[in-house]
Amino acid sequence: MNQIQKGNYNTSAGLRLSVYAIGLNMMKEKPIFGHGKDNLHARWDLMLKNKEINSYVHQVLSWNFHNNFIEKGVTSGLIGIATMFLWLGMPIIYGWRLYKEYFLLFSAPPMLYFFASLMDTPATNGSSYVTYLIFVGLILTTVKNHTDRKNKTVEESHLA
């Protein structure tokens, strides 16, 4: 933090803050649908050429924005961010409405993904998204089967 206060943004945290600022400014330009992915590298090359960014920031930008929400906002706009919140929020809503006693179990994968998205971009990697869906599906199936068996046992005890 001392380096950032002195104006040196060529540290891990400083580069991350620089990339966040660039991403947030880009989101303001095209807030609804975003910029897409195709023209981003050309834009960063131009920013480097115009000395708006240095080579370190350019390199980090070429990887990703290090924040999934900013990444989605830049590439897909508010539509992309809303979609992301939808697939993160659905297991939480579903768990709360139908299986309150298992709410923590239902909310664990979305919350983990949410917090990981604040400092990284797991949703840009298709395999991590598929893994997320598999875990949510396994939790849903396990809880549903357990609840169905428990309800069936209660019904059978009332019949006896």
Side-chain angles (χ1 to χ4, degrees), residues 4 9 12-47 52-53 56-155:
I4 294 171
Y9 283 85
S12 177
L15 290 168
R16 199 174 286 261
L17 291 173
S18 297
V19 168
Y20 290 173
I22 291 167
L24 292 171
N25 286 331
M26 290 179 74
M27 286 170 60
K28 290 177 191 173
E29 295 169 5
K30 294 188 176 184
I32 304 300
F33 296 109
H35 291 268
K37 289 185 178 186
D38 296 335
N39 301 323
L40 294 179
H41 287 283
R43 171 136 182 205
W44 300 325
D45 291 343
L46 183 63
M47 290 173 76
E52 296 172 52
I53 60 173
Y56 297 116
V57 173
H58 184 269
Q59 183 177 9
V60 174
L61 281 169
S62 70
W63 299 328
N64 58 48
F65 282 95
H66 288 73
N67 180 303
N68 218 95
F69 302 108
I70 293 174
E71 182 97 14
K72 274 294 169 220
V74 169
T75 59
S76 306
L78 292 173
I79 302 289
I81 294 172
T83 303
M84 190 172 165
F85 273 108
L86 181 69
W87 61 260
L88 282 174
M90 286 307 292
I92 294 171
I93 294 167
Y94 190 79
W96 181 256
R97 290 183 72 208
L98 299 177
Y99 304 105
K100 283 187 179 153
E101 63 189 276
Y102 300 100
F103 178 71
L104 287 176
L105 186 61
F106 270 99
S107 62
M111 295 308 290
L112 176 65
Y113 218 85
F114 174 84
F115 287 114
S117 292
L118 292 174
M119 299 301 274
D120 200 4
T121 55
T124 57
N125 180 347
S127 62
S128 72
Y129 179 59
V130 169
T131 303
Y132 167 81
L133 291 176
I134 288 170
F135 273 104
V136 169
L138 286 172
I139 290 169
L140 172 62
T141 302
T142 303
V143 167
K144 184 173 180 349
N145 287 340
H146 182 265
T147 304
D148 288 349
R149 270 183 281 169
K150 193 165 79 173
N151 289 341
K152 186 177 180 181
T153 304
V154 169
E155 288 174 12

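We number each residue from 1, following the sequence as shown.
Judged as a salt bridge (charged side-chain N to carboxylate O under 4.0 Å, His left out), and not counting sequence neighbours, the contacts of Lys144 are Asp148. Ile32 meets the side-chain contact (heavy atoms from CB on, under 4.5 Å) test with Leu78, Ile79; sequence neighbours excluded. By the side-chain hydrogen bond (donor to acceptor under 3.5 Å, both in side chains) test, Ser127 pairs with Asn125, sequence neighbours left out. In terms of the ring-ring contact (aromatic ring centres under 6.0 Å, His included) criterion, Phe135 has no residue partners (sequence neighbours excluded). For Phe103, the ring-ring contact (aromatic ring centres under 6.0 Å, His included) partners at least two apart in sequence or on another chain are Trp96. Applying the side-chain hydrogen bond (donor to acceptor under 3.5 Å, both in side chains) rule to Asn67 yields no partners; only residues at least two apart in sequence or on another chain are considered. For Tyr20, the ring-ring contact (aromatic ring centres under 6.0 Å, His included) test picks out no residue, with sequence neighbours left out. Partners of Pro122 under the side-chain contact (heavy atoms from CB on, under 4.5 Å) rule, at least two apart in sequence or in another chain, are Asn68, Tyr113, Ala116, Ser117, Asp120, Ser128. Checked against side-chain contact (heavy atoms from CB on, under 4.5 Å), Leu24 has the following partners two or more places apart in sequence or in another chain: Met27, Ile70. Every residue two or more places apart in sequence or in another chain that forms a ring-ring contact (aromatic ring centres under 6.0 Å, His included) with Tyr102 is listed here: His146. Listed by chain and number, the residues in a side-chain contact (heavy atoms from CB on, under 4.5 Å) with Asn25 are Lys28 (sequence neighbours excluded).
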Open item on the list: Pair His66, Val60 - check side-chain contact (heavy atoms from CB on, under 4.5 Å), show working.
Closed with: CA-CA 8 Å; His66 288 73; Val60 174; 3.6 Å; yes

Open item on the list: Checking Met90 against Phe106 for the side-chain contact (heavy atoms from CB on, under 4.5 Å) test, could you report, in this order, the C-alpha distance in whole Å, the side-chain angles of both residues, the deciding distance, and whether it holds?
Closed with: CA-CA 10 Å; Met90 286 307 292; Phe106 270 99; over 6 Å; no

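Two residues are said to be in side-chain contact when any heavy atoms from C-beta on lie closer than 4.5 Å; Val136 and Tyr132 meet this criterion. In this structure, the side chains of Ser18 and Ile53 stay at 4.5 Å or more apart for every pair of heavy atoms.
Taking the six-membered ring where tryptophan is involved, the planes of Phe114 and Phe85 are tilted, since the angle between them lies from 30° to 60°.
With hydrogens and angles disregarded, no donor-acceptor distance shorter than 3.5 Å links the side chain of Arg97 to the backbone of Ile92. Glu71 places no side-chain N or O within 3.5 Å of a backbone atom of Thr121 that could act as its donor or acceptor partner. Thr141 places no side-chain N or O within 3.5 Å of a backbone atom of Leu138 that could act as its donor or acceptor partner.
Note that NZ of Lys30 is 12.0 Å distant from OG1 of Thr75, once rounded to the nearest 0.5 Å. Distance check, rounded to the nearest 0.5 Å: CG of Leu86 to CD1 of Ile81 gives 13.5 Å. Of the inter-residue distances, the one linking Tyr129 atom OH with Trp87 atom CH2 reads 6.0 Å to the nearest 0.5 angstrom.
Across every non-hydrogen atom of Leu61 and Val19, the tightest pair is CD2-CG1, 3.8 Å. Across all non-hydrogen atoms, the minimal contact from Ser107 to Pro110 is O-CD, 3.3 Å. What you find for Arg16 and Met119 is that their closest heavy atoms are NH1-O, 2.6 Å. When every heavy atom of Leu15 is checked against every heavy atom of Tyr56, the shortest pair comes out as CD2-CB, 3.6 Å.
By the 6.0 Å contact criterion, CZ on Phe33 is open, its count of non-hydrogen atoms from other residues, nucleotides or ligands being 12 or less.
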Let me check something: any side-chain donor-acceptor pairs from residues 37-45 under 3.5 Å, sequence neighbours excluded? List them with distances.
| from | atom 1 | to | atom 2 | distance (Å) |
| --- | --- | --- | --- | --- |
| Arg43 | NH1 | Glu29 | OE1 | 2.6 |
| Arg43 | NH2 | Glu29 | OE1 | 3.1 |
| Arg43 | NH2 | Glu29 | OE2 | 2.6 |
| Asp45 | OD1 | His58 | NE2 | 2.6 |

